[in-house]
Every structure is written in C-alpha cells, then in structure tokens.
Peer 1: 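Input: one structure, supplied below.
Predicted, not measured: the structure shown is a model, and the values here were computed from it. Note: hydrogens, waters and symmetry copies are ignored here, and every other heavy atom, side chains too, is used.
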Amino acid sequence: MKFDKLLLNQETSKRGIFLMIILSVFVVSCSKNGENTKGIEEYNPSKPITLSTFYPDSGRFQEKIMLAGENFGTNTKEIRVWFNQKRAPVIGSTGSRIYVQAPRLPGDTCTISIAIGNDSVVYDQKFRYFTSVTVTTIAGNGSRDEYQDGDLSNSVLLPRYLCVDNENNVFVVCRGINDTSYPEMNVIARIDELAHELITITRGVAGNAPAADPETGIITFPTEKTIGSFYTLDPKEFWGPRIREMKWQDNENIPAKGWKHSMAVNPKDGYIYTRYHYGDIVKMNPQTYEVETIYKTQQGDSYGLTFSPLKPNILYMSFRGNAGVNAHSICSIDVTDPENTFKKLSGPTNGGHRDGLLEIAQFREPAQILCDVDGSIYVADGGNHCIRRITPENMVETVLGMPGTSGWKDGGKEEALFYTPTGIGISQDGSIYVADHDNNRIRKLSIN
C-alpha cells in the first residue's frame with residue numbers, strides 16, 4: 001500500500017512539473033486577452049487542424065490536460081473541446097498546445113474532440129476518466145426520540161423523501177413508521193445548508209415524495225388523507241403550506257382510495273403527474289388542479305416518479321415488491337401515448353441486486369427516483385441499502401453502498417453504508433441528497 005502511494009505521489013509530481021513547464025510557456029507566449037504574440041500563428045481555416053497527443057491520458061474531474069497539435073490558434077473563445085458529449089473548459093492555447101480541464105462525469109472512456117470554426121477533429125488516443133464518489137452526513141444525529149430542528153449536527157428527524165429546488169433548498173418529508181409508531185415525526189422541513197440549519201415548515205402532515213417545479217420553484221407533494229389531497233409550498237409565500245384538492249371533470253375514472261405516493265413535474269407539458277396504489281396514473285394542471293386519468297397499471301405501490309430531459313415525455317416509475325408483475329422494477333410510459341407504451345424496463349421481479357444492462361438488472365424495494373440534467377436516473381434502492389444509477393445508455397451501476405448490508409458509514413465507494421435509503425434529491429451542481437430513513441439522517445453524495 002505504501003509503495004502504491006509512493007508511485008502515485010511520484011506520478012502526481014511528474015504531472016505537476018510538466019504542467020508548470022507548460023503553464024510557463026502560456027505566460028510567455030500568450031497575452032492576457034487571449035490574442036497571440038510574436039511568433040505564434042493564428043488559426044488558419046485554409047489549413048487542416050492536426051493532432052499529435054495529449055497528457056495525461058487519465059484523470060478525474062478538473063484534471064489539467066494538455067492537448068498537442070497544430071493550427072489551434074490562440075483565441076480560446078473559438079476553441080471547443082469535448083470529452084465524449086461533455087464540453088471541457090478551455091484555459092489557454094499557444095497555437096500548438098491547448099490547456100483544458102476534464103469536465104464532470106463524461107464517461108469512463110472518453111473520445112476527445114476539438115472544433116475550431118467549421119473544422120472538427122478527433123484524437124485516436126482515449127482518455128480514461130476516474131469517477132470519485134464520497135458521502136457525508138449533513139443532518140440528523142441518528143436518534144429518533146423526538147424531532148428537533150435548528151443546527152444540522154444536533155437535529156433529529158426521520159426522513160422518508162426529499163427534493164431540491166433550483167436555489168438548492170432541500171425539502172424533507174419526515175414520516176413516522178405508521179399511524180401508531182412515531183406519528184410526532186410527521187414533519188415537513190427545509191434544510192438551509194449554508195446556514196447549517198433545519199427549518200420546520202409544518203408538523204402533523206403525513207406527506208409523500210415531493211416534486212419541485214423547475215420554473216416556479218413550487219414544491220408539490222401528495223398526501224393520503226383524501227383521494228385528491230396534496231400540498232403546495234410556494235417560495236413567493238415563504239413556503240407556507242397550503243392544502244389543495246384535485247378536481248375531476250366527471251365522476252368517472254376517479255381512484256378508489258387516496259393512496260398516492262409520489263409526484264413529478266413534466267417540464268415539457270408543465271403538468272404534475274402522480275400514481276395511485278390501485279394503478280391510476282393521473283396528470284394535473286398546476287394552475288387549475290383539474291386532473292385526468294391517463295392510464296391504469298396493475299395495482300401496487302410506486303414511491304418514485306421522474307421525467308428525463310433526454311426523453312421529456314417519458315415517465316419513469318419505481319415499483320415496490322407488492323406490484324405483481326412489476327414488483328421490484330423500473331417501468332416507463334410515454335404520457336403522450338399512454339395506451340400503447342407502458343413497459344417494464346428492468347429484469348426479474350423477485351427482488352435482488354444485479355448491475356449491468358437494465359433489461360437484466362435487479363432491484364429490491366426501489367423507492368424514490370430522480371433524473372439529473374445528463375439523463376442519469378438515480379434510485380434509492382432501499383431493500384439493497386444502496387444508491388443505484390441508470391445511465392442514459394441503460395446500464396445500471398451501484399454508486400454507493402454495500403448490497404444487502406445495512407449500516408451507517410460515511411466515505412468513499414469501499415466503505416460507505418446506508419440503511420434503507422428511501423429518498424433522492426439532486427442539486428444544481430449535481431450533488432445527490434439521500435433520505436437515509438433507518439439511519440435517521442440526510443446524506444450527501446459528491447460525485448465527480
């Protein structure tokens with residue numbers, strides 16, 4: 001282990017020396033405004049862009065990389081560099097050397113491409129990206145004796161679900177285990193991470209998985225009190241809770257019970273979608289609260305709904321173990337053609353853990369799910385005590401947690417432990433917030 005660390009330190013030192021030399025070239029060769037100085041050629045569109053090599057050939061987020069070639073020019077505003085589909089920040093160019101930083105999560109194996117003007121070229125050499133994942137505890141001291149807000153380190157809560165708005169406010173739905181166990185824990189709260197504070201919004205509300213509207217910032221979450229009951233928290237009203245009721249246009253297609261467990265906002269059509277235990281998938285106008293049942297699946301609980309920015313009308317759903325042919329599964333439906341598009345995406349329904357292709361992957365009691373801006377769906381895989389990710393290429397991987405092993409431990413991939421995670425939220429910078437239910441804590445994953 002010490003020898004490996006020594007080699008790593010030596011390699012890091014070599015990279016540092018190399019980059020210091022190159023940076024000195026930039027200081028001497030480039031003016032402050034990015035224009036070339038004497039002896040350096042500008043990009044010539046009548047000549048080809050040629051590539052030679054780049055260094056280093058692997059690294060993590062914000063790794064400093066030197067791209068070598070010819071006819072780059074020195075105007076960094078005209079130089080575009082991609083690692084797969086992710087745009088890389090261009091720091092400087094001498095005309096034959098471009099200095100960039102690796103973007104966040106471009107993929108394990110990256111093709112680097114450079115575009116200047118109408119020309120585009122691709123390196124034959126591949127860049128290997130190493131993902132760094134760590135988890136820390138931001139709220140909850142592990143107790144569930146009596147709810148306590150205030151300082152995050154001393155807070156006491158029983159988190160079940162959460163969401164994050166565009167201002168990085170974390171909204172937490174706390175729930176007692178049932179009507180008789182810890183009902184005093186039924187609380188809606190907001191985390192102000194900068195102020196290091198847990199702020200109570202309301203008590204005595206048994207809410208379910210919330211959704212944040214990306215345009216208005218309004219938080220919406222369902223309850224089970226009546227068939228159409230839900231709450232809204234409007235930032236213009238300082239998130240004061242307001243109880244609402246859905247409005248059906250006729251007496252047909254009304255769900256039998258009020259058991260609805262999750263909501264999701266479709267940024268494409270602006271409607272809010274929810275699903276009931278008996279299978280009714282309903283869309284609601286957020287201004288009038290008028291609703292329409294668009295499809296009915298087999299009955300069973302679904303605590304996770306989300307839309308993908310890559311496929312904006314596809315509604316993804318997680319199903320619990322009581323959902324029959326959809327048990328322990330991830331399913332989807334196109335809300336513009338619901339009658340013909342509902343399908344189960346994942347593998348066997350007996351509840352298990354398997355990474356790989358989504359069509360053969362297994363989950364155990366998946367709860368809240370949420371899609372990030374890049375199209376990856378994160379899953380609170382409660383029964384496996386893990387956080388899972390479904391990539392846009394339909395590959396499933398375990399992000400953190402040891403499958404089948406419960407516990408509480410912060411750290412990286414080799415040591416992190418969860419205990420029935422049930423809630424997922426994603427901030428603007430890509431951080432993942434987790435309602436770690438049976439650990440009575442809110443955890444934060446930094447993935448780079």
Peer 1: I'd like to know if the side chain of Asn84 pairs up with that of Tyr129 as donor and acceptor (distance under 3.5 Å, no hydrogens or angles considered).
Peer 2: no
Peer 1: Is there a donor-acceptor pair under 3.5 Å between the side chain of Ser329 and the backbone N or O of Phe319?
Peer 2: no
Peer 1: Classify the side-chain pair Arg175/Asn208 by whether it contains a donor and acceptor separated by less than 3.5 Å.
Peer 2: yes
Peer 1: Ignoring hydrogens and geometry beyond distance, is a side-chain donor-acceptor pair present between Ser431 and Asp429 at under 3.5 Å?
Peer 2: yes
Peer 1: Any chance you could measure Ile390, atom CD1, to Thr306, atom OG1, to the nearest 0.5 Å?
Peer 2: 10.0 Å
Peer 1: Side chains of residues 284-291: which donor-acceptor pairs under 3.5 Å do they make with residues two or more places apart or in other chains?
Peer 2:
residue : atom : partner : partner atom : Å
Asn285  : OD1  : Gln287  : N            : 2.8
Asn285  : OD1  : Thr288  : N            : 3.2
Thr288  : OG1  : Glu290  : N            : 3.3
Tyr289  : OH   : Arg244  : NE           : 3.3
Glu290  : OE2  : Gln249  : NE2          : 3.4

Peer 1: Could you go through Thr220 and Asp213, starting from their C-alpha distance and side-chain angles, then the distance that decides it, and tell me whether this counts as side-chain contact (heavy atoms from CB on, under 4.5 Å)?
Peer 2: CA-CA 8 Å; Thr220 308; Asp213 190 305; over 6 Å; no
Peer 1: OH of Tyr161 to CD1 of Ile424: how many Å apart, nearest 0.5 Å?
Peer 2: 13.0 Å
Peer 1: For Glu415, does the CD atom have more than 12 heavy-atom neighbours from other residues, nucleotides or ligands under 6.0 Å away?
Peer 2: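 Count over threshold, so yes.
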Peer 1: Do the side chain of Ser332 and the main chain of Leu315 share a donor and acceptor less than 3.5 angstrom apart?
Peer 2: no
Peer 1: Is a donor from one side chain sitting under 3.5 angstrom from an acceptor on the other, for Glu397 and Thr391?
Peer 2: no
Peer 1: Kindly give the heavy-atom pair with the smallest separation between Ala367 and Arg320, and that separation in Å.
Peer 2: CB-NH1, 4.2 Å
Peer 1: Verify, without hydrogens or angle tests, whether Asn166 (side chain) and Pro214 (backbone) share a donor-acceptor contact under 3.5 angstrom.
Peer 2: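 Checked: pair present.
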Peer 1: Report yes if the side chains of Leu158 and Arg160 come closer than 4.5 Å at any heavy-atom pair, otherwise no.
Peer 2: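 Side-chain contact under 4.5 Å: no.
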Peer 1: Got Asn71 and Thr50 here, is their nearest side-chain heavy-atom distance under 4.5 Å?
Peer 2: no
Peer 1: Measure the OG1-OH distance between Thr76 and Tyr99 for me, rounded to the nearest 0.5 Å.
Peer 2: 13.5 Å
Peer 1: Which residue in the set Val335, Leu305, Ile333 passes side-chain contact (heavy atoms from CB on, under 4.5 Å) when paired with Ile281?
Peer 2: Ile333
Peer 1: Minimum heavy-atom separation for Asn322 and His277, please, with both atom names.
Peer 2: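 Nearest heavy atoms, Asn322 then His277: ND2-CE1, 4.0 Å.
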Peer 1: Is there a donor-acceptor pair closer than 3.5 Å between any side-chain N or O of Thr274 and the backbone N or O of Val282?
Peer 2: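 Not a single qualifying donor-acceptor pair exists.
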Peer 1: Hey, mind stepping through Ile219 and Tyr231 against side-chain contact (heavy atoms from CB on, under 4.5 Å) and telling me if it holds?
Peer 2: CA-CA 8 Å; Ile219 308 301; Tyr231 274 79; over 6 Å; no
Peer 1: So, for Asn141 and Arg441, which heavy atoms are closest and what is the spacing to 0.1 Å?
Peer 2: O-NH2, 3.2 Å
Peer 1: So which of Tyr273, Tyr271, Tyr316 actually passes ring-ring contact (aromatic ring centres under 6.0 Å, His included) with Phe307?
Peer 2: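 Single pass found, and it is Tyr273.
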Peer 1: Can you check whether Ser153 reaches His196 side chain to side chain, under 4.5 Å on heavy atoms?
Peer 2: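 The answer is yes, as the side chains (C-beta and beyond) meet within the 4.5 Å cut-off.
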Peer 1: Look at atom OH of Tyr123 and say whether more than 12 heavy atoms of other residues, nucleotides or ligands are closer to it than 6.0 Å.
Peer 2: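 Atom OH in Tyr123 is crowded, with more than 12 foreign heavy atoms closer than 6.0 Å.
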Peer 1: ring-ring contact (aromatic ring centres under 6.0 Å, His included) between Trp259 and Tyr278: does it pass, once the steps are laid out?
Peer 2: CA-CA 8 Å; Trp259 301 332; Tyr278 286 110; 5.8 Å; yes
Peer 1: Kindly check if the number of other-residue, nucleotide or ligand heavy atoms within 6.0 Å of CG (Asp124) is above 12?
Peer 2: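 Atom CG in Asp124 is not packed in, count stays at 12 or less.
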Peer 1: Does a side chain donor of either Ser346 or Gln362 reach within less than 3.5 Å of an acceptor in the other side chain?
Peer 2: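 Result is no, nothing qualifies.
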Peer 1: Just verifying a value: how many Å separate Arg60 CZ and Thr131 OG1, rounded to the nearest 0.5 Å?
Peer 2: 8.0 Å
Peer 1: Can you find a heavy atom in the side chain of Gln85 that is under 4.5 Å from one in the side chain of Pro103?
Peer 2: no
Peer 1: Counting distance only, does the side-chain N/O of Asn439 pair as donor-acceptor with the main-chain N or O of Gly142 below 3.5 Å?
Peer 2: no
Peer 1: Using modelled atom types and a 3.5 Å cut-off, is there a donor and acceptor pairing between side-chain atoms of Arg80 and backbone atoms of Gly117?
Peer 2: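 Judged by distance alone, yes, a pair lies under 3.5 Å.
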Peer 1: Is there a side-chain contact between Asp301 and Tyr303, using heavy atoms and a 4.5 Å cut-off?
Peer 2: yes
Peer 1: Pro421 versus Ile387: any side-chain heavy-atom pair under 4.5 Å?
Peer 2: yes
Peer 1: Has the side chain of Arg388 got a donor or acceptor atom that lies under 3.5 Å from a matching backbone atom of Val396?
Peer 2: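 Here the side-chain-to-backbone pair does not exist.
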Peer 1: Rounded at 0.5 Å granularity, tell me how far CG in Asp374 sits from CG in Leu105.
Peer 2: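 One gets 7.5 Å once the value is rounded to the nearest 0.5 Å.
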Peer 1: Between Ser302 and Ser262, which heavy-atom pair has the shortest distance, and what is it?
Peer 2: O-CB, 4.1 Å
Peer 1: What's the shortest heavy-atom distance between Lys260 and Thr223, and which atoms?
Peer 2: NZ-O, 2.6 Å
Peer 1: Just do the side-chain contact (heavy atoms from CB on, under 4.5 Å) check on Tyr378 and Leu370 with the steps written out, would you?
Peer 2: CA-CA 5 Å; Tyr378 288 85; Leu370 197 64; 5.5 Å; no
Peer 1: If the threshold is 4.0 Å, N to carboxylate O, is there a salt bridge linking Asp410 and Arg443?
Peer 2: yes
Peer 1: Under 4.5 Å between any side-chain heavy atoms of Phe72 and Leu51, yes or no?
Peer 2: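 Answer yes - side chains close enough.
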Peer 1: Nearest 0.5 Å please: distance from the CG atom of Asp108 over to the OG atom of Ser58.
Peer 2: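 One gets 12.5 Å once the value is rounded to the nearest 0.5 Å.
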Peer 1: Which residues satisfy the side chain to side chain contact (heavy atoms under 4.5 Å, CB included) test with Asn169, sequence neighbours excluded?
Peer 2: Asp165, Glu167, Phe171, Arg190, Trp239
Peer 1: Could you check whether Asp355 and Thr398, counting side-chain N and O atoms only, form a donor-acceptor pair closer than 3.5 Å?
Peer 2: yes
Peer 1: Give me the ring orientation class for Phe127 and Phe83: parallel if the planes are under 30° apart, tilted from 30 to 60°, perpendicular past 60°.
Peer 2: perpendicular
Peer 1: Counting distance only, does the side-chain N/O of Ser318 pair as donor-acceptor with the main-chain N or O of Gly304 below 3.5 Å?
Peer 2: yes
Peer 1: I'd like to know if the side chain of Asn384 and the backbone of Phe363 have a donor-acceptor N/O pair within less than 3.5 Å.
Peer 2: no
Peer 1: Step by step, would you call Glu42 with Thr74 a side-chain hydrogen bond (donor to acceptor under 3.5 Å, both in side chains)?
Peer 2: CA-CA 6 Å; Glu42 283 300 313; Thr74 59; 2.7 Å; yes
Peer 1: Taking all heavy atoms of Lys444 and all of Ile138, pick out the closest pair and write down the distance.
Peer 2: CB-CG2, 3.8 Å
Peer 1: Heavy-atom distance under 4.5 Å between the side chains of Ile218 and Pro235, does that happen here?
Peer 2: yes
Peer 1: Does atom NZ (Lys344) have a neighbourhood of more than 12 heavy atoms from anything else shown, all under 6.0 Å?
Peer 2: yes
Peer 1: Output yes when a side-chain donor or acceptor of His385 lies under 3.5 Å from a complementary backbone atom of Thr420, and no otherwise.
Peer 2: yes
Peer 1: Let me see the working for Asn75 and Ile116 under side-chain contact (heavy atoms from CB on, under 4.5 Å), right down to the final yes or no.
Peer 2: CA-CA 10 Å; Asn75 189 342; Ile116 305 169; over 6 Å; no
